[in-house]
Amino acid sequence: MSTVSPSMSAITLEKIQDKTALVGVVGLGYVGLPLIHAFIRGGLKCIGYDIDQKKIDSLQEGQSYIEHIPSDWIQQWQSEEKFEATAEMSRLSEADVVLICVPTPLSDSRDPDLSYVEGTTRWVSKALRKGQLVVLESTTYPGTTRDVMLPILEQSGLKVEEDFFLAYSPEREDPGNPDFSANSIPKVVGGYGEKSLELATALYSNAVVQVVPVSSCEVAEACKILENTYRGVNIAMVNELKVLFQKLGIDVWEVINAAKTKPFGFQAFYPGPGLGGHCIPIDPFYLSWLARKNELSTRFIELAGEINTSMPLYVITRLAEALNEMGKPIRGSKIGVLGVAYKKDVDDPRESPSFKLMELLQERGAVLSYSDPHIPVLPAMRHYDVPRLASEDLTPDYLASLDCALIATDHSSFDYGMIVKHAPLVVDTRNATVDIDEGREKVVKA
C-alpha cells in the first residue's frame, strides 16, 4: 500500500502552526526589529539579516540602535535563544519564512527605486529552497511582488505555489505611538495563490491581533498605497488652507479643533512644515508613476504632492518676513532648528522636512544649529545637503544666542514656555506654543 507524501505547503503549514518555523527578517530597521519582537512574543524563533555590519555588531552585543526598541528586549531574545543576527545572506536558506523589510525610496527623478528589493530578492533566489515562504513588506506599487520579485525568484528553478510560496503584507508601523505596536495592528495579507495566502495568513496569526486576507498581492499593495495617499491628500488640503487662512488672519489650528467636534463625516488632519517619514511623502509618487506607465494621470494626487513639497519654502518665507520685521536678513542670522525627526518623540529622521528647511536656510546664508534630544548627530541624507552638526542642549543661553528658533518637530520633551521666553523670535510650524501666553508676541505661526 503506497502513501502520498505531504505537499510542500502542508509541511510548511505544520511548522508554522506548531511554531517550529524559523522566521527570517531581512532589513533590521524601523520595520524589521518591531516585526521580530511581534513574532518572538508569538512563540517563534527569528533570524535577522542586514548588510550593515554595524547593526549586526550592535545586535550581537545586545544593544538596540532604535529608540523605541529597548536593548532589554534584544538581550532577552538572545538569552532565551530566540534570536540571531547575521550579515551572511547565504544563510537565508536556514529560514522557513523570509520577510523582506528593505527601503523603497524614490530616485532623483521621483521614480520608484526598487534596487533594495531587487537586490534582496536575488540573494533570496540564490538561497531559495523548497517549502520556503517569501513575503515582501516594503511599501511599493501594485504589481511589484508578481512582476519584479517572482521572475527573480523563479531563476532558482523552483516553481511558485508548488516548491515555494510568495505573498505581500504591507507594514503598518507607527513609531512613537504608544497606543499601537506591531502585534496590535491588523495585518493585510495578499498571496500569489491560495497556498501562499494560507501560509502567510497562518504565519501572521501567530504575531498580530488580526489578519485580513485579500484576494491578491496587488490588492494588498494597493491597500498600502491607498492608506498613505489618503493621509497625504488630506494633509495637503489643510496645508493649502493654512496658507489661505493665514492671509485672512484666521488660525487654521483653531478651525480644525472646532471642526473635529463634529461626531461624523470629519477626521482631523493637521498642517506642518512638510511631509516626513518613510511612506506618506513617497507613496503618492509611486502611484502617479504607475499611472503614467499605464497612460493615465492622477492629477488630484500629484497636486497634493506638489502642495506638500512646497511647504518648506512657505515656512522659510514666513521666517524671512518675521526676521525682516526685526530688521534682519536670513543671511548671517543664527537660526536654531528645533527638532529634526520626522515626527514627535521618535529618533527617525527619514524624509524629515527639517532637512529641506535646513538646506533652504543654508542656501540663504543662515548660521545653522539644531536641537533634538532624539538625534544627537545629523545623519548624512541621501537627497539633502546639510552640514554635519551635533545637537545643541536646549538651554536659555542657547535660545538667547539665536536670532530665531524654528520649531520643526514638536517633541514632548521641549519646554515651549522656556523657548518662547528666551528666544528673541519663534517660528512655530506645529502649533506647539498654543498654550503659551507670556511672550506670545514673539511667536509667528508658519
Side-chain angles (χ1 to χ4, degrees), residues 5-13 15-16 21-29 31-32 35 46-52 86-107 111-171 189-200 203 215-222 224 286 289-290 293-294:
S5 300
S7 65
M8 294 312 306
S9 64
I11 294 171
T12 304
L13 182 61
K15 287 183 178 181
I16 290 172
L22 179 61
V23 177
V25 176
V26 185
L28 303 179
V31 175
L35 195 59
C46 295
I47 180 170
Y49 305 86
D50 204 293
I51 58 172
D52 186 342
T86 181
E88 298 177 35
M89 295 300 166
S90 59
R91 295 185 60 191
L92 283 163
S93 60
E94 296 178 22
D96 297 294
V97 176
V98 177
L99 309 180
I100 298 174
C101 308
V102 297
T104 47
L106 295 171
S107 69
D111 290 338
D113 178 359
L114 295 181
S115 58
Y116 295 100
V117 170
E118 292 171 345
T120 302
T121 306
R122 281 191 285 271
W123 283 326
V124 174
S125 182
K126 291 176 183 177
L128 194 63
R129 60 170 172 81
K130 290 187 176 183
Q132 281 184 310
L133 167 65
V134 181
V135 185
L136 178 63
E137 289 227 356
S138 306
T139 302
T140 188
Y141 61 85
T144 301
T145 307
R146 187 182 304 268
D147 300 334
V148 177
M149 288 184 64
L150 181 58
I152 297 173
L153 293 172
E154 288 185 327
Q155 291 174 8
S156 65
L158 301 180
K159 292 184 179 180
V160 69
E161 285 292 284
E162 293 181 17
D163 302 319
F164 74 95
F165 307 93
L166 182 62
Y168 180 81
S169 181
E171 59 86 9
V189 175
Y192 177 83
E194 291 183 4
K195 294 177 182 177
S196 296
L197 180 60
E198 180 184 26
L199 291 178
L203 172 73
S215 60
S216 67
C217 295
E218 287 80 5
V219 170
E221 290 162 336
K224 177 64 173 177
Y286 267 56
W289 173 85
L290 185 62
K293 188 177 178 182
N294 286 276

At what distance, to the nearest 0.5 angstrom, does CG of L92 lie from CE of M89?
-> 6.0 Å
For Y192 and S216, indicate whether the former's side chain and the latter's backbone hold a donor-acceptor pair under 3.5 Å.
-> no
Do M149 and V134 have side-chain heavy atoms sitting under 4.5 Å apart?
-> yes
Could you grab the distance from atom CG of L203 to atom OG of S169, nearest 0.5 Å is fine?
-> 9.0 Å
For E162 and K195, what are the C-alpha separation, side-chain angles and deciding distance, and is it a salt bridge (charged side-chain N to carboxylate O under 4.0 Å, His left out)?
-> CA-CA 9 Å; E162 293 181 17; K195 294 177 182 177; over 6 Å; no
Main-chain N/O of V102 paired to S138 side chain as donor or acceptor, under 3.5 Å = yes
Closest heavy-atom pair and its distance - V189, A220 = C-CB, 4.4 Å
Side chains of L133 and D96: closer than 4.5 Å at any heavy-atom pair?
-> no
Decide whether E221 and T140 meet the rule of one side-chain donor and one side-chain acceptor closer than 3.5 Å.
-> no
Given side chains that start at C-beta, do those of I100 and W123 come closer than 4.5 Å, heavy atoms only?
-> no
Any sub-3.5 Å donor-acceptor pair from S125's side-chain atoms to T121's backbone N or O?
-> no
For the atom pair CG (L199) and CG (L166), what is the distance rounded to the nearest 0.5 Å?
-> 11.5 Å
Has the side chain of T12 got a donor or acceptor atom that lies under 3.5 Å from a matching backbone atom of G131?
-> yes
Working for side-chain contact (heavy atoms from CB on, under 4.5 Å), residues T144 and T104 = CA-CA 11 Å; T144 301; T104 47; over 6 Å; no
For the pair Y49 (side chain) and V98 (backbone), establish whether a donor and an acceptor sit closer than 3.5 Å, ignoring hydrogens and angles.
-> no
Spatial distance of atom CD1 (I51) from atom OH (Y116) [nearest 0.5 Å] = 7.5 Å
Polar side chain donor-acceptor pair, S9 to S7, under 3.5 angstrom = yes
Drop me the distance from I152's CD1 to L128's CG, to the nearest 0.5 angstrom.
-> 12.0 Å
Determine yes or no for a side-chain-to-main-chain donor-acceptor pair under 3.5 angstrom, with R129 supplying the side chain and A95 the backbone.
-> yes
About how many Å separate CG of L114 and CG of D147, when rounded to the nearest 0.5 Å?
-> 11.0 Å
E161 (side chain) donor-acceptor with S196 (main chain) under 3.5 angstrom | yes
Step by step, work out the side-chain contact (heavy atoms from CB on, under 4.5 Å) result for F165 and M8.
-> CA-CA 9 Å; F165 307 93; M8 294 312 306; 4.1 Å; yes
